[in-house]
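Note that the structure is predicted; figures quoted are calculated from it, not measured.
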Amino acid sequence: MDVTKILKDSYHVMAKDLLELKRNRMSLAALFLMPLLFLVMFGFIFPTGTTQQHMPMGLVNLDQGQGSNEFIAQLEVMNKNTSFMDFQSYSSVDDAKTAINKGRIYGVFIIPPGFSENITNGKSADFTVYIDNSNPQSAMQIQQVLSTTVSGMNNMKAEANVVQLGSETNQPVNPQTMIFPYIPNVQTTIPGETNYFNFLAPGLMIMIVMMSVMTGIPEAISKEKEMGTFDGMLSAPISQLSVIIGKTAALCTRGFIQCIIILAIAIFLFGVTIQGNILLAFFMLLLGIFSFIGIGIMAISMSGDQASGTMIVNLLMFPMMFLGGIFYPIQQMPWFMQAISQVIPLTYAADAMRKIMLLNAGIGDVMTQILILVAFGVVTMTIAVPLFRKSMTR
Amino acid sequence: MTKNAIEIHKLTKKFGNFTAVDNLSLNVKEGEIFGFLGPNGAGKSTTIRVLCTLAQPTSGYAKIAGFDLVKESDRVRENIGLVAEKMIMYDRLTAAENLRFFGKLYDIPKQKLEGRIDELLELVDMQKWKDTQISKFSTGMKQRINVIRALLPEPKILFMDEPTLGLDPQTTFSIRDIIRDINKSGVTVILTTHAMSEAEALSDRVAIIDHGKIAALDTPENLKKLVSSSDNTVFGIKITNLTSELIEKIDALDCVTTLAQQDHHNLKISANGTNAMDRIIDTIRQEGGSIASITNSTESTLEDVFLAVTGKQMRDEASEKASPAHHGHGNAPKARVR
């Protein structure tokens, strides 16, 4: 049988499958909702890098001297720009602690008596910050905000002191270079502000396509097998390859539609910027599909019916989802998990996608990933196709 | 001499240890309607599947329309149409879309395909449903589309696996008419059925198949003569106080060739010899059985033939399920699991 006939039949099978999909309102709705749900879920649940604002904080001033009033005024000025904290004064430490226990405030600044006196005497002015760490997440954030705010205030104080010392000794000084001789100049691979979403979107695209195709293949094939329509195709003079190619192509089309939805949401809702070549990204998607489609075909060839086929696929898909480096960087996993992730095609596909979309990597930069994915696909397909053929004429 | 549409030689199909088709050899002539008759699980469907290249034979070979089943499977597929037990149609597509899809797989040129679709829809009187989704059709309407779907590529041989299963009598008759029309236009038809009347009404020749083997093969008329021409008598007998001990006693008589229990009271007996009926009645009386009625079939049916050649009563699935309690008795057929 010649190649044109195989491709022509594949096209007919694909067109038929898509027409069936178009008529099926439920699966059409699911097609659009799935990427939407995934993106919104992961986009909002995971920490995005921005700190929570307006955290309620208590303020207890047991000193009431000039120094402490100045300190509080500066604290409020510093906080004005960022609005990380909202302050509320309490007359005693006990009152503030009660408020913490009632959950009204996350923590309290306690300025001890003698604070102003220490400042004027040139001693270090200690104060206490009492933090409710029953919520580790906000406790951590308060500590971060606290250290930046306090170090900012220290800087201001230091600068003022240095300038004063300079004028006293008649030496022209640059307080900046005096206090901060080392200044790092941070540049990132991705220009502009980035968030977790930038990391997530490319991997999510490839993962959704993978899920679509891997669960779709056993479903599409065994449904027809159980309905009996498969016999109609196979008793016609067409190659079994056409059935596989046609069904895969239909699933790819579905996956591509979902990818475009993901891309649109990522760009418009989460402000992800695409640096790289979109065409190369889509090529990568296609290659990703090729690399794991064999596994789906193997699953259905070995199981026979839809329920067990889908079960096998799910069993394979879950570790892939979490170990493929979609949600968490692989480098942060323990070594044995890293070892497993090395044999998952999704790892390479997601990695390459990220490089292409975020770093504007060219085809040469992701050649290793491409070769690994091709090898994966070739090996699994060589096992899967004869298995499939055998299972068809059992 | 007419040519053979199908030549089957020692065809065997095994599923693990189970032999579904056992050393089957037969020829089907061109232009014939050939019926495979047998109970569920006799191997009819498997035979059809093998002949349609949907299953690989374990051993033996067959020629379909002159092409080798295994070596020239593509050529075989070009020449056959299949009406399988399950309807080959997509519920969400319209009648025309279904026909178009399958037509394209046979590489029928577009214009010719459209003409053929209209022509076939007319054949089964379904033109006005052309653009309606299959899911809205009744079973009978679906089956009509299913049948013409198999006819799209103008096959030389049409395989039909239980073409009237689950249809109401009216639709059954109209499908049978369609089958006859198709056959008249020169198509060889192979059909399987477990309904005696269907095999009798349609087939030029019938192969009674049981345990994957041919038990008898001839025209329906000759098959019936097989039973009635000898000194074999087939009769039904109703015993009001029927017990399994009594059945065993009757079955033990040497004149009884086969015995089948039909329900709580009725037996169907095939017996040999001149005074066979007397001896059976005597036995029943001796054992204290009270005979309510005896029905002697004047003209034997294929059912009697089946009983005579396989030693079993032919039953359809429905009645087997209705009386599961009797499976252990006499020679009643046991449900086999494929």
Quiz item: Do you know which of V13(A), L19(A), N24(A), L234(A) has the most heavy-atom pairs under 4.5 Å to chain B?
Solution: N24(A)
Quiz item: So which of E97(B), E78(B), M89(B) has the biggest tally of heavy-atom pairs under 4.5 Å with chain A?
Solution: E97(B)
Exercise. Describe, in one word, how the ring planes of W129(B) and F137(B) are oriented to each other, choosing from parallel (under 30°), tilted (30 to 60°) and perpendicular (over 60°).
Key: perpendicular
Exercise. Could you tell me if the ring centre of F292(A) sits under 6.0 Å from that of F376(A)?
Key: no
Quiz prompt | K8(A), part contacting chain B, at a heavy-atom distance under 4.5 Å | solution =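 The side chain, not the backbone.
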Exercise. Run the salt-bridge test on E226(A) and K86(B) with the 4.0 Å N-O cut-off and return the result as yes or no.
Key: no
Quiz item: Does a salt bridge link D17(A) with K247(A), judged by any charged N lying under 4.0 Å from a carboxylate O?
Solution: yes
Quiz item: Checking S135(B) against chain A: side chain, backbone, both or neither under 4.5 Å from a heavy atom?
Solution: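 For S135(B), there is no contact with chain A at all, as no heavy atom is under 4.5 Å.
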